[in-house]
Amino acid sequence: MKVARRSFLSLSLGVAAGVTLSPLPWKLMDDISIWTQNWPWTPVPEDGEISYAQSICTLCPGGCGINVRKINNRPVKIEGLKEHPLNKGGLCPLGMSGLQYLYGPSRIQSPLKRVGKRGSGNWKKITWKEALADVSEKLYDLRVSGRPQALACIASTDRGTVPKLIARFLTAYGSPNFIRASTAFDSLEQAIYLTQGQQGTPGIDIENADFILSFGTGILDGWGGASRMCNLYGKHNSTKKIIQIEPRLSDTAVCATEWIGINPGTEAALALGLAHVIIKESLYNKDFVEYVSFGFDDWTDEDGTVHEGFAKLAGSYPPDKVSQITGISKTKIVSLARKFARASKPIALAGRGQGSVPGSIDECLAIHSLNALVGNINRTGGVSVIPGPDYAKWPEVKMDVAASKGMQQPRIDGAGGKQFPNTQFLLNRLPEIINSAKGESPVQALLVADANPLYTLPDTAATKKAFNRIPFIVSFSSYMDETSAMADYILPNHSYLERYQDVPTPAGLARPLIGLAKPVINPVYDTKHVGDSFIQIAKSLGGFIENAFPWDNYEAFLKESLDDQWDELNNKGFIENKYDDLPAPLAYSFNTVSSKFEFYPTLRNNPKNKDVDVLPAFTPVPIEGDFQKFPLVLIPYDSIRLAGNYIANSPFMTKTIDDTVLKQQTVLVEINPITAKKLGLCEKDKAVLITPKGKADVKIHLYEGIMPGVLALPRGLGHTAYSKYLADKGVNVNDLIGPIKDPSSGHDMAWGIRARLTKA
Amino acid sequence: MSQTDQHQPVSTKAMPGANETPAANSTGWIIFLFFMIGFVGSLLAGWILFPELLYSKKNQPIDFNHAIHLDQVDDGCESCHFFREDGTFAGMPGLDSCIDCHEEAQTDNPEEIKFVEEYVTQGIEVPWLNYSKQPDCVFFPHSAHVIGADMSCETCHGDIGNSEHTRVYEQNKLTGYSRDIWGHNIARLGKHKQGEPAPMKMNDCAKCHKKETGHKGACFQCHK
């Protein structure tokens, strides 16, 4: 038998035919496809019992209700809480991606002590006992040296029991320097205080208003609780009108009824121009102006001096003059004033973007005066004041000699002092004061809780320099943020999903609503509630400080503070006061000198601060930079897809950014095509953006939605800390913009900076 | 070459192999034989050897007697394989369900003693092998079938409730899933035997859905 080549071919044919007629290839094909779905590195979510836990999101001051979906008690998804009166089931990208703040790589997993050079990132893990003992010892030494006032604490808010507990600690310790970050609501709060004499949270009844005159407020860009605003104004069939006035076509402007482009920084002039038309055409609310207002007309004081009234001030802003200043046509100004005054419930809103910069107090007063002109004060659909939360009384802090001596010292930031008597906190002034101090820094020890000043304060370089002059910095952050990276000790707080925290009425909400954030999971890492850390430090400092804290832990303090509200809050998660529960409109009396709404805010009459006019005249904010050297103007903008506050945007949020905002690691600067053409720049060109404060590598994005001569950069990029998913992406606008002190309030009023662009 | 050469009749003698007719026949047979060897061999390999190689065999950690338990409980299968309050199906019971009766061994059955000693007293969950585990991309609600459509457990899982011993668990070496999903018939031909678990591939779901509801169902019904 001779086996030829043909026999082998035949064998192969036979095998092929046999295999085809057997289940082998078909079964194998199916199995291989399943095998590829089950590679060991493919993440497979755990299966198990599903449960939900309700809480309040505290990643921003919005105070939305959340419903956390858990599998085998492990949180796997965050949804908006349908029953919550604010967000009604909606949630912003920050809230939705909150689990990345729980499990993400930027979490600090145990107390840390710096071992290398400051900011070098060399840390040693220590136990809580060591950490608390070390910090207590340092604070004890500072106090014994007779300078308890050299201890300062920076927090993001002063509302809620956590900051109250920290401020109480500082009082018992002997330092008046509890400082919190300021926002646009601080300016509004002050404007309300000056004109109405009422202290409390500004309430803007945006739910019931029907005509929103927004001077750059990012209603749909993350202002005032993103999901609440989307519920109100995000619908195309909304009957409410939004007039958006700002130099850039923001997402809010896109969704608004009308967008009016304005020369940046001239909003106060427009407000006065609108007031001019309203007064001239007699469109104002005469009952309000005649019976409950003061300083509308010229008036004579006891000494016989005649003072100019608001009507006369507005009289010097005729439409043609305002048109020249603002770049808005005369007819537009007149028709806008008429529309505003004739609407049934109009509201004028101050505060740019998400409101992270307080802004000029004059501008805020001018805009708030518009609300008064139409009589929309303390009324449904108007502006009112919400009193602070009604906490149970804590035992009075008894101070020893050291504490009372320290508490008598002026605040380091100058707030509440002779120059700025109406301002409570001035964090923006702190770097300048530390840097200009002769000898050693007035702050010798700094505690930072729920704040990230090294990222959020304007002029990062100056802030960093100031922090370097502070010998002892303790961060209580849950994350390795820019400030933690510069600290000496980190005593990590639980993440927001692991801790109790009460959430008082969010600023801007027109009715009282308190929420309670509750732990939805046991702490994942070796962290401690910031309140507990402070109580334990107080206990180890002993004496009067220890006596000021008779509570075992923060939870006991919280329960006692909330008193009879605790049970309802703990069960339901929030307590809402409906409109019917509120006193009738105008039941609040004005606590001003005249007992009326003061168009002429008498309290501003400060003989110690002669630079300030009492009436809110338009004075352009002197933004930094020489026109010749820096022919363009840079403004920051906010986006709902970027978190620019002390909580950084999550890696998921960064994924949602368009490549016209961030391309790989480089940020794109928005520029009008006309300006770009003059500079010889095209789309995606590489360029260097230079301001008096710094420079940055950028790319060009041509955008017709921005005024010629203006550049815009997003807030929330350019982190240097956190994790590789956030760091080194784009540029932090605060590196390029410095603060400008408002002469009247001391707050930062910078809306931008001069800049130039050169092709790279 | 001349024109005439081309028109000459071709002599049969000139053809190669013309004188070797028997040998030619035998070559044909050899070729056919090789074809048949390949054909039959691969058929045998595909039908018999391949399934043997594809599946590994494992025994359950404990030889569980369903029949004896079914007699003792009041609620049938749902006594242990229950629905949670939110309607999700608990699947394999955890130790919590066993511990009420089996904190200590009740008989001298070596399997029960092993169960108590190795798992109950040490608080370790039994790593049961799940004959019906579906891939993660499949969303299968027991409630829609058992409660909604009033199907009995046996329809899909066979008469496992009356079994006295656990079956050998055959695991697909490539996919890691139980052989029950594909079905024991490697060709997936014919109907599965009464009392045996039904195959659970997507086509099996679709076939039943088509029969019971009139349509196969949309992708998103199961692949969420």
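A note on names: the letters A, B, ... follow the listed sequences, proteins ahead of strands, and every chain is numbered from 1. Any value given below was found using the heavy atoms of this structure, including those in side chains, with hydrogens, waters and symmetry copies removed.
More than 12 heavy atoms of other residues, nucleotides or ligands lie within 6.0 Å of NZ in B/Lys173, so this atom counts as buried by the packing criterion. Residue-environment remark: CD (B/Glu103) stays at or below the threshold of 12 foreign heavy atoms within 6.0 Å. Within a 6.0 Å sphere centred on NZ of B/Lys133, heavy atoms belonging to other residues, nucleotides or ligands number 12 at most. Counting non-hydrogen atoms of other residues, nucleotides and ligands closer than 6.0 Å to NZ of A/Lys518 gives a total above 12. Shown here is B/Phe89, whose CZ atom has more than 12 heavy atoms of other residues, nucleotides or ligands within 6.0 Å. The local environment of OH in B/Tyr169 is crowded, with over 12 non-hydrogen atoms from other residues, nucleotides or ligands closer than 6.0 Å. Other residues, nucleotides and ligands place no more than 12 heavy atoms under 6.0 Å from the NZ atom of A/Lys724. The environment of B/Arg84 atom CZ is dense: over 12 non-hydrogen atoms of other residues, nucleotides or ligands sit within 6.0 angstrom.
Atom-to-atom distance recorded for B/Asp86:CG and A/Tyr52:OH is 9.0 Å, nearest 0.5 angstrom. From B/Tyr177, atom OH reaches atom CG of A/Asn38 across 4.0 Å, with rounding to the nearest 0.5 Å. The structure places CG of B/Leu174 at 6.0 Å from CG of A/Leu28, a figure rounded to the nearest 0.5 Å. Distance check, rounded to the nearest 0.5 Å: CZ of B/Phe35 to CG of A/Leu11 gives 10.0 Å. Here the CD atom belonging to B/Glu85 is positioned 12.0 Å from the OG atom belonging to A/Ser51, to the nearest 0.5 angstrom.
Listed options A/Ser12, A/Pro25, A/Ser22 were ranked by heavy-atom pairs under 4.5 angstrom with chain B; first place goes to A/Ser22. For chain A, the option among B/Asp136, B/Thr88, B/Leu54, B/Leu43 with the highest count of heavy-atom pairs below 4.5 Å is B/Leu43. Residue with the most contacts toward chain B among A/Ala17, A/Ala16, A/Pro23: A/Pro23 (heavy-atom pairs, distance under 4.5 Å).
Side-chain contact between A/Asp30 and B/Trp182 is present, with heavy atoms from C-beta onward closer than 4.5 Å. Side chains of A/Leu13 and B/Phe34 form no contact here, defined as non-hydrogen atoms less than 4.5 Å apart. Taking 4.5 Å as the limit, some side-chain heavy atom of B/Asn172 sits within range of a side-chain heavy atom of A/Lys27.
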| Step by step, would you call A/Leu24 with B/Trp47 a side chain to side chain contact (heavy atoms under 4.5 Å, CB included)? | CA-CA 7 Å; A/Leu24 190 142; B/Trp47 285 91; over 6 Å; no
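Heavy-atom distances place both the backbone and the side chain of A/Asp31 under 4.5 Å from chain B.
Applying a 4.5 Å heavy-atom cutoff, the residues of residues 189-209 of chain B that approach chain A are B/Lys201.
For A/Arg74, there are no salt bridge (Lys or Arg N to Asp or Glu O under 4.0 Å) partners, not counting sequence neighbours.
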